[in-house]
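Take a look at the structure below.
In what follows, every chain begins at residue 1, and chains take the letters A, B, ... in the order their sequences are listed.
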Amino acid sequence: MDEFLKIFSENQVIVMVGETGSGKTTQIPQFVAYSDLPHTKGKLVACTQPRRVAAMSVAKRVADEMDVQLGRHVGYSIRFEDMTEPGTTFLKYMTDGMLLREAMNDPNLERYSTIILDEAHERTLATDILMGLLKGIAKKRKDLKLIIMSATLDALKFQKYFSLRSDANAPLFKVPGRTHPVEVFYTQEPEPDYVEAAIRTVLMIHRAEEPGDILLFLTGEEEIEDACRKIKLEADDLMNQDPSSVGPLVCIPLYSSLPPQQQQRIFDPPPPAINDGPPGRKVVVSTNIAETSLTIDGIVYVVDPGFSKQKVYNPRIRVESLLVSPISKASAQQRAGRAGRTRPGKCFRLYTEKDFMKELEEQTHPEILRSNLSNTVLELMKLGIKDLVRFDYVDAPAPETLMRALELLNYLAALDDDGNITPLGEMMAEFPLDPQLAKLLIVSPEFKCSNEILTITAMMSVPNIWLRPNNQRREADAAKAALTVPDGDHLTLLNVYNQYILNKHERNWAWNNYLSLRSLQQAENVRAQLERTMQRYDVELVSLSDQKKLFINIRQALVCGFFMQVAHKEGEKGNYLTVKDNQVVALHPSCGLDTQPEWVIFNEFVLTTRPYIRTVSEVKAEWLIEFAANYFDLASFPDGETKRALQRAWAKRAGKIAGRGDGSNGPVRDPKRRKTDVRKGDGRD
DNA sequence: GTCTCGCTT
């Protein structure tokens, strides 16, 4: 503490490295609060976390340690839950995303005397943007102190980045961890099939190693369930063959979409010995969730095949997808460390030492380099950052990614042609949504269906609501068919939500209909939050009683947000071509449309067994040229079926206007020309 | 004929 307080009092910015078990997350913020005395200045100390649960549980722990009531002097702030008391709270744990939101309305973060960014090595999108902002703010606000806390040895990068004067890096404060040593083993040769090798290794440990639980890292749900089945089968075999030398084994799967109750099973004790035989062993087979978010005590052996699923973004076709990729050295170290939490452990890496040294990257690529940045760019614009290309990033994203984001925002009329944020863009930034969804919601009152669009928007921003267990596919499909609206998947989402609300009194309704209750509850939460934001910005909540008209209007409103995600049917084979990007796509098999309409609008482009579009509704060519005239301008299309279809629609429209005689159909509003009226749709008549 | 690692506003 003395050492920390000295360095803290002498510097504006500190980089701190503390390994797991060093207590940095609980202790440093307390030291800061005692030294800084934020409450005497009417300010707060903030400590950010990448995850909600961490912000919550650490705040609780620290409140206990300080013997104060949680939510008063020490509190936390996460989405949907503010456990702080204005005027009283002086130490606040919060998610990094939450602090970023606050910055949008308080660009200098004046409320804070010290800001601590914890787990900076994880390089979440929000942490990266915050580092950029805070570097700028620290130059303006000499009274603001910053602490960048990280678990791994990438501190030098942060020290260099935060050298506020050119001649000196930010000082480093280092605290050792308190974990047990872990012995690391490598394979002699690369393993061609890492799942098979992993199963073999787990069984080898079970047969030959001392008692102690095993943690195996795999990449996804299916792989994990599959491996659990195989391990269980073989372990039972071993025990039956030789009950005197092999004990019982339980295999527990762990991934985020598992219901919380089943996740709790990882804390169960290992199975008891049978008839004085060898003691039982617990094997947890987990995704990356056990690398960062959950710690399981009692793990002595870690099996690390060296892979995880990672998000990748391809700006050329604007698609984010998940790829099984090699992990980084930092990740491998983190995984190994999981074996040494209670006593010395062993880590079996299923790759060669040479590959570890030569092939693995030092750090996982920061999220900012692997994501679609439309949302982030709009947030930065709202924060007053005008020149995004020259913003001081820790790692600058690809120029093409930024261009894609700017292009989308300009088409949505969130940015004008000079790259300035428009009043519409300012409003869009206030909604915790992707820009397309925010735009859709804001224009929806014009179509007299904001009540419904609010629901659809909420449903589109939560994880998949459809459950389809492997052994009950037919039942799940039948339940889904009963809820499907044939006009489009967006209307199906609306129907599901409405049915869920109507049947709330029925305890097992969601389960009986093969729907994820968790997702539905989350949609309800999101819907309420969005409704509050709508009220704040006077976006009316309206609806139509004529259902036929309502369903048409909903799909017209969709065009205003998603006109860049339209596909046109080519030929009779059921192939679609995305507009402008010309990607050949198919309707996802989960799509509920009963025909194959000529034009469709979609929520997602997914690249799995082949390119699919998911959550799809029918639209009309007339709507495209009416509500997104600028984007569907013929001059911007190459020759082809899509262009010819659009030409017919334009010709039909011209005929109508000519027929009216006076040409008084009003101006065709182009999003780029509209700078004042923020409420209207793109080119809405 | 489906297959979403992990997070967040």
Ignoring backbone atoms, test whether [X] places a side-chain nitrogen or oxygen under 4.0 Å from the OP1 or OP2 oxygen of [N].
X	N	value
A:Thr95	B:dC7	no
A:Thr608	B:dC3	yes
A:Ser308	B:dC5	no
A:Arg52	B:dT9	yes

What is the separation between atom [atom1] on [X] and atom [atom2] on [N], rounded to the nearest whole Å?
X	N	atom1	atom2	answer
A:Arg51	B:dT8	CZ	C1'	11 Å
A:Arg468	B:dC3	CZ	C1'	10 Å
A:Glu379	B:dT8	CD	C1'	10 Å
A:Lys480	B:dC3	NZ	C1'	13 Å
A:Leu99	B:dT9	CG	C1'	12 Å
A:Glu122	B:dG6	CD	C1'	9 Å
A:Leu125	B:dG6	CG	P	18 Å
A:Leu378	B:dT8	CG	P	21 Å

Greater than 12 external heavy atoms within 6.0 Å of A:Glu81's CD |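 Buried by this count: over 12 neighbours within 6.0 Å.
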
Side-chain donor/acceptor of A:Arg101 to base of B:dT9, under 3.5 Å |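 When only heavy-atom distances are counted, A:Arg101 does reach the base of B:dT9 through a donor-acceptor pair under 3.5 Å.
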
For residues A:Phe307 and A:Tyr194, establish whether the separation of their ring centroids is below 6.0 Å.
->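 Yes.
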
Under 4.0 Å, counting only non-hydrogen atoms across every strand here, what does [X] touch: a base, just sugar-phosphate, or nothing?
X	result
A:Ile289	sugar-phosphate
A:Thr124	nothing
A:Tyr612	sugar-phosphate
A:Pro50	sugar-phosphate
A:Ile78	sugar-phosphate

Integer angstrom distance from the C1' of B:dT4 to that of B:dT8 =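 Their C1' atoms lie roughly 16 Å apart.
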
Looking only at the side chain of [X] (C-beta and beyond, no hydrogens), which of the listed nucleotides [options] gets closest?
X	options	value
A:Glu222	B:dC3, B:dT4, B:dT9	B:dC3
A:Pro589	B:dG1, B:dT4, B:dC7	B:dG1
A:Thr287	B:dC7, B:dT2, B:dC5	B:dC5
A:Arg614	B:dG6, B:dT9, B:dC3	B:dC3
A:Ser293	B:dC7, B:dC3, B:dC5	B:dC7
A:Glu221	B:dC5, B:dC7, B:dT4	B:dC5

Pair A:Glu531 + A:Arg527: basic N to acidic O under 4.0 Å |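 Salt bridge between A:Glu531 and A:Arg527, a charged N being under 4.0 Å from a carboxylate O: yes.
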
Gap separating the CG atom of A:Leu133 from the CD1 atom of A:Ile385, nearest 0.5 angstrom |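 If I round to the nearest 0.5 Å, the distance is 5.5 Å.
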
Do A:Glu102 and A:Tyr112 meet the criterion of a side-chain donor-acceptor pair at a distance under 3.5 Å?
->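 A pair is found: one side chain offers a donor N or O, the other an acceptor, under 3.5 Å apart.
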
Check step by step if salt bridge (charged side-chain N to carboxylate O under 4.0 Å, His left out) holds for A:Lys382 and A:Glu426.
-> CA-CA 6 Å; A:Lys382 168 82 183 179; A:Glu426 304 247 355; 3.4 Å; yes

Report the residue (A:Asp477 or A:Gln529) whose heavy-atom-nearest nucleotide on DNA chain B is the more 5′ of the two.
->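 Checking each residue's closest nucleotide, the 5'-ward one belongs to A:Asp477.
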
